[in-house]
Amino acid sequence: MTKLRTFVLRAFALSLLVSPLLALAGEEGAAMESAQIDLTDKASLQRGAELYMNYCSGCHSLSYQRYSRMGEDLGLTEEEVKQNLMLSPEAKIGETMNTGMDPAKATLWLGKAPPDLSVEARTKEEGADWIYNYLKSFYVDEARPLGWNNTVFPGASMPHVLWEMQGVQHAVTEPRHGDEPCAKGEFQSQCIVGFQIPESQKGTLDAEQYDRVARDLSAFLAYTGEPSATHRESIGVWVVLFLAFFTLLAYLLKAEYWRDVH
Ligand code: HEC
């Protein structure tokens, strides 16, 4: 084999190995804001877990996630998990994270049973970015049964459970141009172009702090969708380094073997 051909083959093999990483980096929801989650940021995942338990677990279950595994992955001791994250007195450390909400009652109250969120980030094309944008897109709509609507999930039966932190968003609209569909959704026959929070309805957090809340929650749900991702990504770097080193070694060995032949 000529040197050039060997080189081309090697480069091709290496690109096959690296390309999934590049594809991952380039993937992003169409018109969605990136959540910029970092699954190696344990502090963010811990904050996300706490927010989840306090604001979401009352309605949603995480039936593939055990408290004990979450503790290990997030770098928390069993005691810390028990103290801060297990809100139900009946919950056991080895159990999955169920909700106390009865699905029949939930349907009666909310019109729909809250779905399990274990793999929510994976069911959406935009992944965790979808959840991030969803949590930032609730606005007042008196025409809805609970008074809330959402541009990312129009007609959602979920109320805005984080409104005290974010404040109360109102849709800012503009008349529609001809027959064109509205990019961000529709409100009272006009197109939504943004949101605005009146001074008297400001939340306890500013926009940047609320973004962090939405980011931590979406990071936590990305983690529950793939609990091994936190480990796998850190192993990946070593795998690629090893392969590069091994390629070099194989090349040197080959050069040594063929030296006398040429
Ligand atoms: C009061 C009960 C309630 C609480 C609390 C609640 N949700 Fe929901 N959630 C619902 C319901 C009901 C739906 C189903 C909406 C629908 O399909 O119309 C839903 C849907 C969702 C969905 C979309 C699921 C899908 O269909 O793909 C996500 C994501 C979600 N919730 C995240 C959260 C997060 C994160 C929190 C905590 C900050 C939370 N929810 C708190 C009731 C709740």
Side-chain angles (χ1 to χ4, degrees), residues 29-30 32-37 39 44-65 67 70 74 84-88 91 96-169 185-187 203-205 207 209-227:
M32 292 209 171
E33 223 181 294
S34 165
Q36 292 174 318
I37 58 165
L39 292 181
S44 164
L45 292 176
Q46 289 174 5
R47 287 193 304 264
E50 196 165 351
L51 285 161
Y52 180 86
M53 291 314 296
N54 283 308
Y55 292 95
C56 321
S57 69
C59 286
H60 293 281
S61 55
L62 287 175
S63 55
Y64 297 161
Q65 184 72 49
Y67 290 104
M70 173 178 72
L74 270 51
N84 306 325
L85 299 175
M86 290 168 61
L87 304 186
S88 156
T96 55
M97 297 167 64
N98 293 322
T99 170
M101 175 73 86
D102 169 20
K105 289 211 179 91
T107 314
L108 201 67
W109 292 330
L110 304 163
K112 201 142 185 205
D116 187 90
L117 294 182
S118 304
V119 292
E120 174 69 15
R122 278 163 65 185
T123 60
K124 305 289 180 201
E125 194 184 322
E126 298 87 355
D129 289 350
W130 191 93
I131 301 171
Y132 177 75
N133 284 267
Y134 173 61
L135 294 175
K136 288 179 58 171
S137 301
F138 283 94
Y139 65 95
V140 171
D141 182 353
E142 301 301 345
R144 297 288 311 151
L146 297 172
W148 293 102
N149 208 334
N150 191 295
T151 49
V152 170
F153 185 171
S157 321
M158 176 171 141
H160 187 14
V161 294
L162 304 174
W163 69 272
E164 274 173 308
M165 287 194 228
Q166 187 185 27
V168 179
Q169 286 196 133
E186 226 177 89
F187 180 58
T204 52
L205 303 182
Q209 291 167 325
Y210 183 73
D211 282 358
R212 192 176 85 162
V213 163
R215 177 174 310 115
D216 292 342
L217 273 165
S218 20
F220 175 67
L221 289 173
Y223 152 75
T224 64
E226 219 176 337

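No experiment lies behind these values; they were computed from the predicted model shown. Just follow the structure's listing: the first ligand is 1, and inside any ligand the first atom is 1.
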Closest to atom 10 (C) of ligand 1 among Met158, Glu120, Met53 (heavy-atom distance): Met158
State, without any angle test, whether Gln36 and Tyr132 hold a side-chain donor-acceptor pair at a distance under 3.5 Å. no
A student comparing Gly48, Pro114, Ala106 should find that the heavy atom closest to atom 11 (C) of ligand 1 comes from Pro114
Please classify the Tyr134 to ligand 1 contact at 4.0 Å (heavy-atom distances, strictly less than): side chain, backbone, both or neither. side chain
Rounded to the nearest 0.5 Å, what separation is found between the CG atom of Leu45 and the CG atom of Leu217? 11.0 Å
When you look for heavy atoms under 4.0 Å from ligand 1, do you find them on the side chain of Leu117, its backbone, both, or neither? side chain
What is the ring orientation for Tyr139 with Phe187, classed by angle as parallel under 30°, tilted 30 to 60°, or perpendicular over 60°? perpendicular
For Lys112, the atoms of ligand 1 under 4.0 Å from one of its heavy atoms are 12 (C), 16 (C), 17 (O), 18 (O)
State whether Cys59 contributes an N/O/S atom found under 2.8 Å from atom 8 (Fe) of ligand 1. no
Here the atoms of ligand 1 under 4.0 Å from any heavy atom belonging to Leu110 are 2 (C), 12 (C)
Is it the case that the side chains of Ser44 and Asp216 hold a donor-acceptor pair, with the cut-off being a distance below 3.5 Å and no angle test? yes
Ligand-side contact atoms (ligand 1) for residue partner Ala156, heavy atom cut-off under 4.0 Å: 18 (O)
Under a 4.0 angstrom heavy-atom cut-off, which atoms of ligand 1 come close to Val161? 4 (C), 5 (C), 37 (C), 38 (C), 41 (C)
Taking C-beta and beyond as the side chain, do Ser34 and Asp129 meet within less than 4.5 Å on heavy atoms? yes
Exam field: side chain Arg144 to backbone Asn149, donor-acceptor pair closer than 3.5 Å: no
Lys124: numbered ligand 1 atoms lying under 4.0 Å from its heavy atoms: 25 (C), 27 (O)
So which N/O/S atom does His60 have closest to atom 8 (Fe) of ligand 1? NE2
List ligand 1 atoms under 4.0 Å from Pro115, heavy atoms only on the residue side. 13 (C), 14 (C), 19 (C), 20 (C), 24 (C)
Output, in order, the C-alpha distance, side-chain angles, deciding distance and verdict of side chain to side chain contact (heavy atoms under 4.5 Å, CB included) for Phe220 and Met70. CA-CA 10 Å; Phe220 175 67; Met70 173 178 72; 3.7 Å; yes
I want to know if ligand 1 touches Trp130 in the polar sense, i.e. an N/O pair below 3.5 angstrom. no
Could you tell me whether some N/O pair between Ser157 and ligand 1 is separated by less than 3.5 angstrom? yes
Write out the residue and atom name of the closest protein heavy atom to atom 34 (C) of ligand 1, then the distance separating them to 0.1 Å. Cys56 SG, 3.3 Å
Who gets closest to atom 16 (C) of ligand 1 by heavy atom: Phe153, Trp109, Tyr52? Phe153
Side chains of Ser61 and Asp116: is there a donor and an acceptor less than 3.5 Å apart? yes
Over 60° means perpendicular and under 30° means parallel, so tell me whether Trp148 and Phe138 are parallel, tilted or perpendicular. perpendicular
Check whether any side-chain N or O of Arg215 sits under 3.5 Å from a backbone N or O of Ala35 as a donor-acceptor pair, and report yes or no. yes
